[in-house]
Amino acid sequence: MGEKIKKAIGLKGDFKTTVMPMINYSFANIFLGGAGYIISMYFTIFLTDVVNISLRQASIVVMIATIWDAVTDPVMGIITDRTRSKYGKHRRYLLVGIPFLLISYTLLWNSFGLNGAENSKAAMIYFVLVYMLYKTAYTIISVPHTAMLPELAPEYDLRTQYNSVGYLFNSAGMVPAFGLAVLVLALFGSNDNITSASRSPFLVIGIVLSVFFAVSVFITFKTTKEPSSLGNHVEPLDIKYIIREYVLVFKNKSFRQYFFMSVAYQFATGFYNNSKVYYIKYLANQYSKYALFNAVAGVAEAAAFPLNYELTIKFGKKKCGNIVTPLMVAGLAIGLFMQQSNGGTASTIWVVLMMLSMILYPFGMSGLGFVSTNIFPDITDVDELITGRRREGVIATFSTLIKKSISGVMAAMVGFTLQGFGLVTGDTVSQYEAETGLLFAQSSNAIWGVRICVAVIPIVAAIISLILLKNFRMTKKDHEMIRAAIAVKRKYGSVTLNEEQIKVCEAIAGQKFEKTWLGQGNDSDEEHTLEINENGEFAVLAEKE
């Protein structure tokens, strides 16, 4: 059975010693993918239409918690990088995060009777604190989990395989979590419309999913093996040390390219995700099909995986982003023309267009997402070329510090934009429709506010991300050369590269070779060059592996 699964996915290597460790490591992705998916789908509208706080207040909740998440990430990265244990630097923190996950995810969907219409400040403060607690739990688990990957999978293609299995487990978290949410909402009569009467189903969703996600994290903790970190050198910790660590990260040219590309990608997906539910509910008037639209989107994103994987394995880590991202832009462009559906032939046309949008956007979006995920582990090797140290935690958390801060501000921008353009939400809409039997008509300004957030800004950001991707330099051949040079330097204390290899290192690192750790201390008469074996592999890597 194991070999059949391996063949179906397209993975290489022995199932027991290569594929099974990927599966064990990826169980935590059920939480990392599934928990955030449900939050992106329901949390904002839960705050505005169930708890009845304003769009601005809901945006402030998300912004504060996300910025808190960004601030805690670097702290967690420094902690993991400085951890010395025979069990490794990262794995133990997965266990530490589980109790926080269980408590926070349950509280996230329980307002304890707080109603924004009666006391909006109290409701907002409560959800700020609870969301911050959840983000802390997420940080404790996600930072060590992400930072662990470069050590578990040092090879270029092996990392792609790990990320591919992780991608499948993201879906293994999203699909049942989404199915459960839809089922519970349907059982409580809240599937067609979410109102202040929908508190009970969301509490049930929170309780059940918190247990489901906690179990997945525990399986990864229990089954994943990590190299000992007892021999790691740890420098004294002070403010200068912390500042120096993060300044060094941004000196890495490959990191800067990856960072700005992924920030632009995050702008595209962030604006879309934060406004999608209002796009469907208030612009298209199709909330009764919200679950269907999201199911189709999930299938479309999953359907893109085989193509993304094959393109990556055959042509490198940039190819899938270059090919499928235009479909993302096409899916977003439909939002520029979407109209409210009020029945009849015209309504059917708009529903079909919305369905097409739900296919094109996630299919195309998955390409850039796949690229970003696969490029990140290789950045740590470039950093080692520059510094001579493995700093997975610092690199991961410097990136998330900035990106999550931007994400928090972005969430606020969406809420403030929609409310600034006059979008009306919550009981005002539901009461009007219940009393009159008529569809609540949003103003033309409000509709354009939705268009700007769900289409205009995401399209511009996606195009910018695609342009930046084209400038990313490192290939599989470059990466293997860098790893081989590092291995030789570790083995002999010096390494001798030819002119072409030095130019590659300088182009990727963005620094003169002699200023990097790899280029220092090579003044001895004895030369240690990179040898190629009969299979065309770097001998030092083949010997090591």
Side-chain angles (χ1 to χ4, degrees), residues 1-35 80 83 85-98 101 141-177 211-229 302 305-306 308-310 312-314 317 369-370 373-374 376-378 380-381 390 392 396 476 479-480 483 537 541-545:
M1 178 62 72
E3 290 300 318
K4 290 181 179 179
I5 294 173
K6 186 186 75 173
K7 186 176 180 180
I9 299 174
L11 299 176
K12 300 176 183 178
D14 177 70
F15 184 83
K16 183 177 180 180
T17 59
T18 303
V19 180
M20 199 62 203
M22 297 179 194
I23 293 173
N24 292 337
Y25 170 78
S26 299
F27 266 104
N29 284 74
I30 291 175
F31 159 61
L32 299 175
T80 59
T83 297
S85 167
K86 67 178 181 179
Y87 301 109
K89 294 190 291 186
H90 309 102
R91 191 170 65 95
R92 61 164 64 176
Y93 296 108
L94 304 185
L95 187 63
V96 173
I98 289 175
L101 162 61
I141 295 169
S142 66
V143 170
H145 184 262
T146 301
M148 205 189 316
L149 177 58
E151 289 191 356
L152 297 179
E155 298 88 0
Y156 188 86
D157 284 341
L158 184 61
R159 288 172 178 174
T160 298
Q161 294 192 77
Y162 261 83
N163 283 320
S164 299
V165 174
Y167 184 90
L168 295 176
F169 273 78
N170 282 339
S171 298
M174 291 188 290
V175 172
V211 175
F212 175 56
F213 296 140
V215 169
S216 71
V217 175
F218 181 77
I219 292 174
T220 291
F221 162 77
K222 193 70 176 176
T223 58
T224 301
K225 304 301 179 185
E226 186 184 10
S228 170
S229 62
F305 165 74
N308 291 331
Y309 180 75
E310 286 300 320
T312 300
I313 293 297
K314 290 183 178 180
K317 297 185 178 181
F370 204 71
T373 300
N374 280 304
F376 167 73
D378 303 335
T380 61
D381 298 303
R390 298 296 300 180
E392 300 92 347
K476 178 180 179 180
H479 178 257
E480 289 178 347
R483 284 188 57 236
E537 303 169 320
L541 292 184
E543 174 187 325
K544 186 177 179 181
E545 293 160 9

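Keep in mind that what you see is a predicted model, and the values were worked out from it rather than measured.
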Steps toward side-chain contact (heavy atoms from CB on, under 4.5 Å) verdict (Leu149, Asn163):
CA-CA 9 Å; Leu149 177 58; Asn163 283 320; 3.4 Å; yes
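Residues Ile30 and Ser216 come closest through the heavy atom pair CB-CB, 3.7 Å. The minimum heavy-atom distance between Ala172 and Phe212, with the atom names listed, is O-CZ, 4.1 Å. When all heavy atoms of Gly34 and Ala177 are compared, the closest pair comes out as O-CB, 4.4 Å. The two residues Pro176 and Ser171 make their nearest non-hydrogen contact at CD-O, 3.9 Å.
When side chains are defined from C-beta on, Tyr162 counts as touching Pro21, because their heavy atoms get closer than 4.5 Å. Between Val165 and Gln161 the shortest side-chain heavy-atom distance does not fall below 4.5 Å. At least one side-chain heavy atom of Leu152 sits less than 4.5 Å from a side-chain heavy atom of Thr224. Side-chain contact between Thr220 and Ser26 is absent, with no heavy-atom pair separated by less than 4.5 Å. In this structure the side chain of Lys89 reaches within 4.5 angstrom of the side chain of Glu226, judged on heavy atoms.
With rounding to the nearest 0.5 angstrom, the OG atom of Ser164 is 9.0 Å from the CG atom of Asn308. Atom CZ of Phe305 and atom CD of Glu310 lie 9.0 Å apart (nearest 0.5 Å). Annotation: the span from Met20 atom CE to Thr223 atom OG1 amounts to 7.0 Å, rounded to 0.5 Å.
When the ring pair (Phe, Tyr, Trp, His ring centres under 6.0 Å) test is applied to Phe169, the partners found at least two apart in sequence or on another chain are Phe27. Under the side chain to side chain contact (heavy atoms under 4.5 Å, CB included) criterion, Phe221 pairs with Arg91, Leu94, Leu95, Phe218, not counting sequence neighbours. By the salt bridge (Lys or Arg N to Asp or Glu O under 4.0 Å) test, Arg390 pairs with Asp381, Glu384, Glu392, sequence neighbours left out. Taking Ala214 as the reference, Ile98, Leu101, Leu102 meet the side chain to side chain contact (heavy atoms under 4.5 Å, CB included) condition, with sequence neighbours excluded. With sequence neighbours left out, Asn170 forms a side chain to side chain contact (heavy atoms under 4.5 Å, CB included) with Asn29, Met174. In this structure Ala35 satisfies the side chain to side chain contact (heavy atoms under 4.5 Å, CB included) test together with Phe31, Tyr105, Tyr134, Phe213, sequence neighbours excluded.
Taking the centre of each ring, Tyr25 and His145 come in below the 6.0 Å mark.
For the pair Thr373 (side chain) and Phe370 (backbone), a donor-acceptor distance under 3.5 Å is absent.
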